[in-house]
Amino acid sequence: MKYIYEAIIEPRGKWLEASFPDLGIITQGEDIQDAAFMAHDLLENHIVMALQKGRTLPAPTFGNECSSEGYRMGIVVDCDESTPQAETMTVNEAADILDVSPTRIRAMIGSGILKSRKVGMVHMVDAQSVMDRFNEPAHAGRPKRETALA
């Protein structure tokens with residue numbers, strides 16, 4: 001089934017924040033294209049989860065308040081409760097889950113701790129590698145050296 005909700009995309013610091021006033025959900029992107037992509041991904045995941053849990057979705061409204069620097073954008077998704085969940089997430093989403101900075105996430109990608117792929121200018125982090133790291137966090141400090149047996 002197709003769903004359409006209005007996203008309000010506005011600058012927030014160096015990011016563009018995409019919010020859905022009817023649903024109370026927010027994401028962000030580096031530019032308008034990235035923000036729209038992230039908004040689509042967020043909307044689809046939100047709707048699929050709501051349908052799987054049997055929650056009723058609110059009726060969409062349009063013409064919500066938007067700043068003079070912002071954009072109103074209709075985001076359309078075609079999904080149902082059997083639509084697979086996203087297998088990737090943004091660096092910022094991974095940072096939120098692991099409670100580290102986006103810079104640390106990029107370092108973890110660079111060292112191979114987290115898997116990712118690049119989509120345009122954006123790194124999309126493998127959701128399973130983030131969940132694995134979350135469920136088995138590393139211990140603080142340097143790893144212990146293994147002692148050589150004589």
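Residue Asp99 qualifies as open at atom CG: its count of foreign heavy atoms under 6.0 Å is 12 or below. Heavy atoms from other residues, nucleotides or ligands lying under 6.0 Å from CD of Glu81 number more than 12. A 6.0 Å sphere centred on OH of Tyr3 holds more than 12 heavy atoms belonging to other residues, nucleotides or ligands.
Grouping the Ile, Leu, Val, Met, Phe, Trp and Tyr side chains by contacts below 4.5 angstrom, directly or via other members, places Phe62 apart from Ile8. One hydrophobic cluster holds both Leu51 and Leu23 under the rule that ILVMFWY side chains link at heavy-atom gaps under 4.5 Å. Val48 and Leu43 fall into different hydrophobic clusters, where Ile, Leu, Val, Met, Phe, Trp and Tyr side chains are chained together by heavy-atom contacts under 4.5 Å. Grouping the Ile, Leu, Val, Met, Phe, Trp and Tyr side chains by contacts below 4.5 angstrom, directly or via other members, places Leu16 apart from Phe37. Grouping the Ile, Leu, Val, Met, Phe, Trp and Tyr side chains by contacts below 4.5 angstrom, directly or via other members, places Leu42 with Tyr5.
Closest approach of Thr27 to Ala39, counting heavy atoms only: CG2-N, 3.7 Å. Of all non-hydrogen atoms in Leu57 and Ala50, the two that sit nearest each other are CD2-CB, 3.8 Å. Pairing each heavy atom of Ile9 with each of Ala18, the nearest pair is CG1-CB, 3.9 Å. Residues Met108 and Leu98 come closest through the heavy atom pair CE-CD1, 4.2 Å. Here the closest heavy-atom approach between residue Ala95 and residue Ser101 is recorded as CB-C, 3.8 Å. For the pair Val91 and Pro102, the tightest heavy-atom approach, listed with the atom from each and the gap, is CG1-O, 3.6 Å.
In this structure Glu17 satisfies the salt bridge (Lys or Arg N to Asp or Glu O under 4.0 Å) test together with Arg12, sequence neighbours excluded.
The closest side-chain donor-acceptor pair between Thr90 and Asn92, if any, does not fall under 3.5 angstrom.
With rounding to the nearest 0.5 angstrom, the CG atom of Leu114 is 9.5 Å from the CE atom of Met89. Between atom CD of residue Gln33 and atom CE of residue Met38 there is a gap of 12.5 Å, rounded to the nearest 0.5 Å. Taking CZ of Arg55 as the reference point, atom CE of Met49 lies at 6.0 Å (rounded to 0.5 Å). To the nearest 0.5 Å, atom CD of residue Gln28 and atom NZ of residue Lys14 are 9.5 Å apart. Between atom SG of residue Cys79 and atom CD of residue Glu44 there is a gap of 5.5 Å, rounded to the nearest 0.5 Å.
In this structure, the side chain of Asp126 does not engage the main chain of Ser116 through any donor-acceptor pair within 3.5 Å. Side-chain atoms of Glu6 come within 3.5 Å of backbone atoms of Gly63 as a donor-acceptor pair (strictly under, hydrogens ignored). In this structure, the side chain of Ser129 engages the main chain of Lys115 through a donor-acceptor pair within 3.5 Å.
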Starting from the C-alpha separation in whole Å, work towards a yes-or-no answer on side-chain contact (heavy atoms from CB on, under 4.5 Å) for Val77 and Ile47.
CA-CA 9 Å; Val77 295; Ile47 290 173; 3.7 Å; yes
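With a 4.5 Å cut-off on side-chain heavy atoms, Met1 and Asp80 do not count as touching.
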